[in-house]
Amino acid sequence: MLKKHEIFIVEADLNDGPMLTKLFDVVPFTHVLHLAAQAGVRYAMQNPQSYVASNIAGFVNLLEISKAANPQPSIVWASSSSVYGLNTENPFSELHRTDQPASLYAATKKAGEEIAHTYNHIYGLSLTGLRFFTVYGPWGRPDMAYFFFTKDILQGKTIDVYKTVDDKEVARDFTYIDDIVKGCLGALDTAEKSTGSGGKKKGPAQLRIYNLGNTSPVPVGNLVSILEGLLNSKAKKHVIKMPRNGDVPYTHANVSLALHDFGYKPTTDLASGLRKFVKWYVSYYGIESRVKKESSNNYKNMMSQQPEESA
Ligand SMILES: NC(=O)c1ccc[n+]([C@@H]2O[C@H](COP(=O)([O-])OP(=O)(O)OC[C@H]3O[C@@H](n4cnc5c(N)ncnc54)[C@H](O)[C@@H]3O)[C@@H](O)[C@H]2O)c1
Ligand SMILES: O=C(O)[C@H]1O[C@H](OP(=O)(O)OP(=O)(O)OC[C@H]2O[C@@H](n3ccc(=O)[nH]c3=O)[C@H](O)[C@@H]2O)[C@H](O)[C@@H](O)[C@H]1O
């Protein structure tokens, strides 16, 4: 039944070995884009086991099934900017140290990169890790700051805006989802074929690691100001020192390697990306009319913009 369809959705747990094995028996995957994981820096303090189960055990399960598959697929998977942890380099390049994770989430993503290295070395699996940098956009995650700040500003609730311990702005290299999608497709298109253990070619396929960011970190305070303009609503800000919850003071991506190897070039600045996100948000939650009533010219301009292709 599955073979008849170009696109199909199978709901399964990464840790459901029999189901994944059956899937690989039926479909001769040549490429796998692996994005499934327990994401989120702060939630790891509440539910640590879910990170181990999905990001380590689940990833090993997928690698075990992939190395036994025929053909062995080329795997592109989501790592994370959080592996740079408390690095003081600026911007981060793939050669910089990643042995100081600041959160369990970051540690499980780093573990994924180390585990990938062994499956490439022993079984010749073609593996490409993509270090995404704070991804935002329509259909995003409600637990991320850009998303719940929008909700809280619209509901007149107070938002906590973090500052570093030495009272500096906390910043992120916010990356719009469409740019991330283009990066994933570029990595898939340039992935080497896996070569099987022992390798038919001169040696095992490559293990590749790339930053996918926007190359322009923005202070969180600026994110809030952009949202205030788009929502035509003043945020109730509570500025507090960043709690010790796994957060890092800043992220900033050097993407020259991804640019060189598969032409990755981010094209969406934060203001444009947040305009598309807010446009989706007010439409999805059916609050256009409420927000439009108090609308400013800015809002009218935003809503009058032609709907753009989104990911
Ligand atoms: N959003 C970001 O800013 C960001 C930044 C860096 C890296 N990433 C990575 O990108 C990927 C996608 O993240 P996202 O932000 O879209 O998060 P998300 O929570 O929206 O998507 C993750 C998906 O993985 C699924 N999943 C989790 N554990 C699973 C399991 N054991 N079996 C099957 N499915 C499972 C979840 O149900 C969810 O649908 C993740 O690997 C995440 O670590 C995200
Ligand atoms: O690139 C990554 O690899 C990570 O990206 C994302 O993490 P972060 O960059 O931390 O995004 P997010 O939580 O939205 O906080 C945004 C900013 O708001 C600050 N922040 C946060 C909460 C708050 O109440 N106040 C605040 O100022 C906060 O200090 C931060 O400066 C993904 O969630 C994570 O899965 C991981 O993959």
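Start at 1 and go down the list; that is how both ligands and their atoms are numbered. Keep in mind it's a predicted model, so treat the numbers as computed, not measured.
- Of the protein's non-hydrogen atoms, the one nearest atom 2 (C) of ligand 2 is S81 OG, 3.2 Å.
- If you take CZ on F149 and CG on D160, they are separated by 7.5 Å, rounding to the nearest 0.5 Å.
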>> If you apply the rule salt bridge (charged side-chain N to carboxylate O under 4.0 Å, His left out), what do you find for K22 with D16, and how did you get there?
In response: CA-CA 10 Å; K22 205 183 298 173; D16 180 348; over 6 Å; no
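- Among all non-hydrogen protein atoms, the one lying nearest atom 35 (O) of ligand 2 is G40 N, 3.1 Å.
- Listed by number with element, the atoms of ligand 2 under 4.0 Å from a non-hydrogen atom of V161 are 27 (O).
- The line from NZ of K151 to CD1 of I287 is 11.0 Å long, rounded to the nearest 0.5 Å.
- Counting heavy atoms under 4.0 Å from ligand 2, residue R42 touches it through the side chain alone.
- Between S80 and ligand 2, a contact under 3.5 Å exists for at least one N or O pair.
- Looking at T134 against ligand 2, both its backbone and its side chain come within 4.0 Å, counting heavy atoms.
- Judged by the shortest distance from any of its heavy atoms, F148 lies inside the 4.0 Å radius around the atoms of ligand 2.
- Remark: side-chain polar atoms of S74 are paired, donor with acceptor, to backbone N or O of E192 under 3.5 angstrom.
- Aromatic rings from F147 and Y281 are positioned such that their centres are separated by under 6.0 Å.
- For atom 31 (O) of ligand 2, the nearest protein heavy atom (residue, atom name, distance) is V170 CG1, 3.0 Å.
- Under a 4.0 Å criterion applied to the non-hydrogen atoms of R141, ligand 2 contributes the atoms 32 (C), 33 (O), 35 (O).
- Counting only heavy atoms of the protein, atom 8 (P) of ligand 2 lies nearest to R172 NE, 3.8 Å.
- One distance of note links CZ of R208 with CG of L127; it measures 10.0 Å at 0.5 Å rounding.
- Closest to atom 7 (O) of ligand 2 among all protein heavy atoms lies V41 CG2, 4.1 Å.
- When hydrogens are left out, the protein atom nearest atom 17 (C) of ligand 2 is V220 CG2, 3.7 Å; that is the closest non-hydrogen contact.
- Taking 4.0 Å as the cut-off between side-chain N and carboxylate O, K109 and E113 do not count as a salt-bridged pair.
- The heavy atom nearest to atom 15 (O) of ligand 2, considering only G140, S82, A145, is found in A145.
- The distance between the ring centers of F277 and Y284 does not fall below 6.0 angstrom.
- Between F133 and ligand 2, not a single N/O pair is under 3.5 Å apart.
- Not less than 6.0 angstrom separates the ring centroid of Y84 from the ring centroid of H96.
- Put simply, the side chain of E228 gets close to the backbone of A235: a donor and an acceptor are under 3.5 Å apart.
- Residue contacts with ligand 2 for Y84 are absent, since no atom lies close enough (heavy atoms, distance under 4.0 Å).
- Other residues, nucleotides and ligands place more than 12 heavy atoms under 6.0 Å from the NZ atom of K241.
- Contact annotation for M144 and ligand 2: heavy atoms of both the backbone and the side chain come within less than 4.0 Å of the ligand.
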>> Pair D179, T267 - check side-chain hydrogen bond (donor to acceptor under 3.5 Å, both in side chains), show working.
In response: CA-CA 7 Å; D179 290 322; T267 57; 3.1 Å; yes
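- D143 and Y43 are not linked by any side-chain donor-acceptor pair at a separation below 3.5 angstrom, with hydrogens and angles left out of the test.
- Near Y105, meaning under 4.0 Å from one of its heavy atoms, ligand 2 places the atoms 35 (O), 36 (C), 37 (O).
- Taking the centre of each ring, F174 and F133 stay at or above the 6.0 Å mark.
- The structure places OG of S225 at 11.0 Å from CG of L274, a figure rounded to the nearest 0.5 Å.
- Under 4.0 angstrom from ligand 2, there are no non-hydrogen atoms of K109.
- H252 and D173 form no side-chain donor-acceptor contact under 3.5 Å, judged by distance and modelled atom types alone.
- Remark: among candidates D160, V248, D247, I159, the nearest residue to atom 10 (O) of ligand 2 is D247, based on non-hydrogen atoms.
- With H34 as the fixed residue, the ring pair (Phe, Tyr, Trp, His ring centres under 6.0 Å) test singles out one of F29, W77, F59: F59.
- For ligand 2 and F132, the ligand atoms under 4.0 Å from any heavy atom of the residue are 1 (O), 2 (C), 3 (O).
- Under 4.0 angstrom from ligand 2, there are no non-hydrogen atoms of F147.
- Among protein heavy atoms, atom 20 (N) of ligand 2 sits closest to Y162 CD1, 3.5 Å.
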Does ligand 1 have any N/O pairs with the protein under 3.5 Å, and how far apart?
residue  : atom   : partner : partner atom : Å
ligand 1 : 1 (N)  : R141    : NH1          : 3.4
ligand 1 : 3 (O)  : V135    : N            : 2.7
ligand 1 : 15 (O) : R141    : NH1          : 2.9
ligand 1 : 24 (O) : A37     : N            : 3.3
ligand 1 : 28 (N) : S54     : OG           : 2.9
ligand 1 : 31 (N) : D13     : OD1          : 3.1
ligand 1 : 31 (N) : S54     : OG           : 3.1
ligand 1 : 32 (N) : L14     : N            : 2.9
ligand 1 : 41 (O) : L35     : O            : 2.9
ligand 1 : 41 (O) : K109    : NZ           : 2.9
ligand 1 : 43 (O) : Y105    : OH           : 2.7
ligand 1 : 43 (O) : K109    : NZ           : 3.1

